[in-house]
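Right, one structure below, let's go through it.
A note on names: the letters A, B, ... follow the listed sequences, proteins ahead of strands, and every chain is numbered from 1. Remember, predicted model here, so these are calculated numbers, not experimental data.
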Amino acid sequence: MFALADVNAFYASCEKVFRPDLRGKPVAVLSNNDGCVIARSAEAKRLGIKMGMPWFQLRQMQLPEKLHIFSSNYELYASMSNRVMSHLEELAPRVEQYSIDEMFLDIRGIDNCIDFEDFGRQLREHVKNGTGLTIGVGMGISKTLAKSAQWGSKEWPQFHGVLALSPGNRQRTAKLLSLQPVGEVWGVGNRLTKKLHAMGITTALQLAQSSPAFIRRNFSVVLERTVRELNGEPCISLEETPPPKQQIVCSRSFGERITTYDALRQAICQYAERAAEKLRGERQYCRHIAVFVKTSPFAVNETYYGNVASEKLMNPTRDTRDIIAAAVKSLDRIWLDGYRYAKAGVMLNDFTPTGVSQLNLFDEILPRAHSEQLMKALDSINHSGLGKVWFAGRGIAPEWQMKREMLSPAYTTRWSEIPVAAIR
DNA sequence: TCTGGGGTCCTAGGACCC
DNA sequence: TCTGGGGTCCTAGGACCC
């Protein structure tokens, strides 16, 4: 038996925890660069604020009530996420963190001492008391059913955020699935929904009742698993230890369009530096470095340009200097004059756990001297909180830096930004 | 003027091997 | 008339998730 715990309107709720004056008020959080809406409080949803709505459109809308808007504050959300996860772990020993605001819990056997839904209410209360955030809990015999239950717990207020689909109660499961649109099923996105609709499959129950062989023939093994999971046959297990990453991406839209090579090279250097830092954090080495650049796909009066180039290294590396060099070399192959670039990024692939390539034992190219020590020194300075050092290629305070004009304080991670309670 | 970022998995097709 | 079989690896593209 799995439980899925998910924080309601996570980013918007984090903003509200430290702003009691916003209780009952509509709140929305914007994506990086203050681009579009990525989280809404219940009140904002009721106002009709849609996910993905661009901010420049939203700000022109006539709303019956003031909407409180925030830039993304990932420092705050990551810290609040850690608090939620550790509270959940206190009540359930085997867990898998699935996303920044979701946790799968192994709750096998828990019904020997407590009713599943009573346990769900305990989880809810514990997290609420410790963090100020409200979670929804769904339970089922497979991860997909737990997800469906969690969807139901939000859909009908009478469940008060906790819904269990016990294996014994098949009718309850069928009832819920008959009410769940197929597009709300975990693993069924936009494209699959369209194709399923065309075949007359519109509810989760109809999908569950399709033959797995038929689904595999017409779709793929992935959707076949979903069908089996909906029928209470678990195909996706709990992953307590996350598998090592296979890819690291660092990309960003620019606060304002980039038109010069020098500015774009600075951006690429900055992303390469950050990607290399993440790579060392994963204790990995990489052999493949790719760079992409693109203009805005929304600009109707400009011709679109997007391209990608990559470098394959003889020896795996995690030295920032190697990664910057490969990234700039790639950029030089795809840079074109005369475009207004909106976004760029650096991607690392082909990871190995050590820096020595066995195929190149007789190579003349020797690794850089003291590379490990230098990178270690760099990372420890940058993690010390005392200040930062960086490579000059990245430039200083560039004008294309991403926009965050409505950023809230880092209430939980910076002493200088800790909330102050005034006593009268 | 202005539309996010970071991941995973699967499949098909081509290159290449013996 | 008629030109094999079986495999691996890599890449690109498409789908999904939050």
Write down the partner of dC16(B) under the Watson-Crick or G-U wobble criteria, each distance required to be under 3.5 Å.
-> dG7(C)
Sugar-phosphate only, base, or nothing, as touched by [X] at under 4.0 Å among non-hydrogen atoms:
X       : result
R59(A)  : nothing
R340(A) : sugar-phosphate
I248(A) : sugar-phosphate
N32(A)  : sugar-phosphate
R225(A) : sugar-phosphate

Identify, with sequence neighbours excluded, every residue that meets salt bridge (charged side-chain N to carboxylate O under 4.0 Å, His left out) alongside D21(A).
-> R19(A)
Could you check which of [options] has an atom nearest any side-chain atom of [X]?
X       : options                 : answer
V249(A) : dG6(B), dC2(B), dC9(B)  : dG6(B)
Q246(A) : dC2(B), dC10(B), dT8(B) : dT8(B)
R252(A) : dG5(B), dG4(B), dT3(B)  : dG5(B)
Q57(A)  : dG4(B), dG7(B), dT3(B)  : dT3(B)
F298(A) : dT3(B), dG6(B), dT8(B)  : dT3(B)

Is any side-chain nitrogen or oxygen of S220(A) closer than 4.0 Å to OP1 or OP2 of dC9(B)?
-> no
Heavy-atom closest pair, residues Y271(A) and G345(A) = CD1-CA, 4.0 Å
Using a strict cut-off of less than 4.0 Å between a Lys/Arg side-chain nitrogen and an Asp/Glu carboxylate oxygen, indicate whether [X] and [Y] qualify as a salt bridge.
X       : Y       : result
D332(A) : R265(A) : no
E125(A) : K128(A) : no
R228(A) : E224(A) : yes

Determine, for nucleotides 12-18 of chain C in 5'-to-3' order, which nucleotides have protein heavy atoms under 4.0 Å from the base (write B), from only the sugar-phosphate (write S), or from neither (write -).
-> ---SSSS
Earlier contact from the 5' end, DNA chain B, for K343(A) and Q247(A) | K343(A)
Comparing F56(A) with S253(A), nearest DNA chain B nucleotide closer to 5' gives the residue F56(A)
[X] has an atom [atom1]; how far is it from atom [atom2] of [N], in whole Å?
X       : N       : atom1 : atom2 : result
L348(A) : dG6(B)  : CG    : C1'   : 13 Å
I215(A) : dC10(B) : CD1   : C1'   : 16 Å
R257(A) : dT1(B)  : CZ    : C1'   : 9 Å

Distance from S148(A) atom OG to Q150(A) atom CD, nearest 0.5 Å?
-> 10.0 Å
If you round to the nearest 0.5 Å, how far is OG1 of T260(A) from OH of Y341(A)?
-> 10.5 Å
C1'-based separation of dG4(B) from dC17(C) [nearest Å] = 15 Å
Have S310(A) and H288(A) got a donor and an acceptor in their side chains that come within less than 3.5 Å?
-> yes
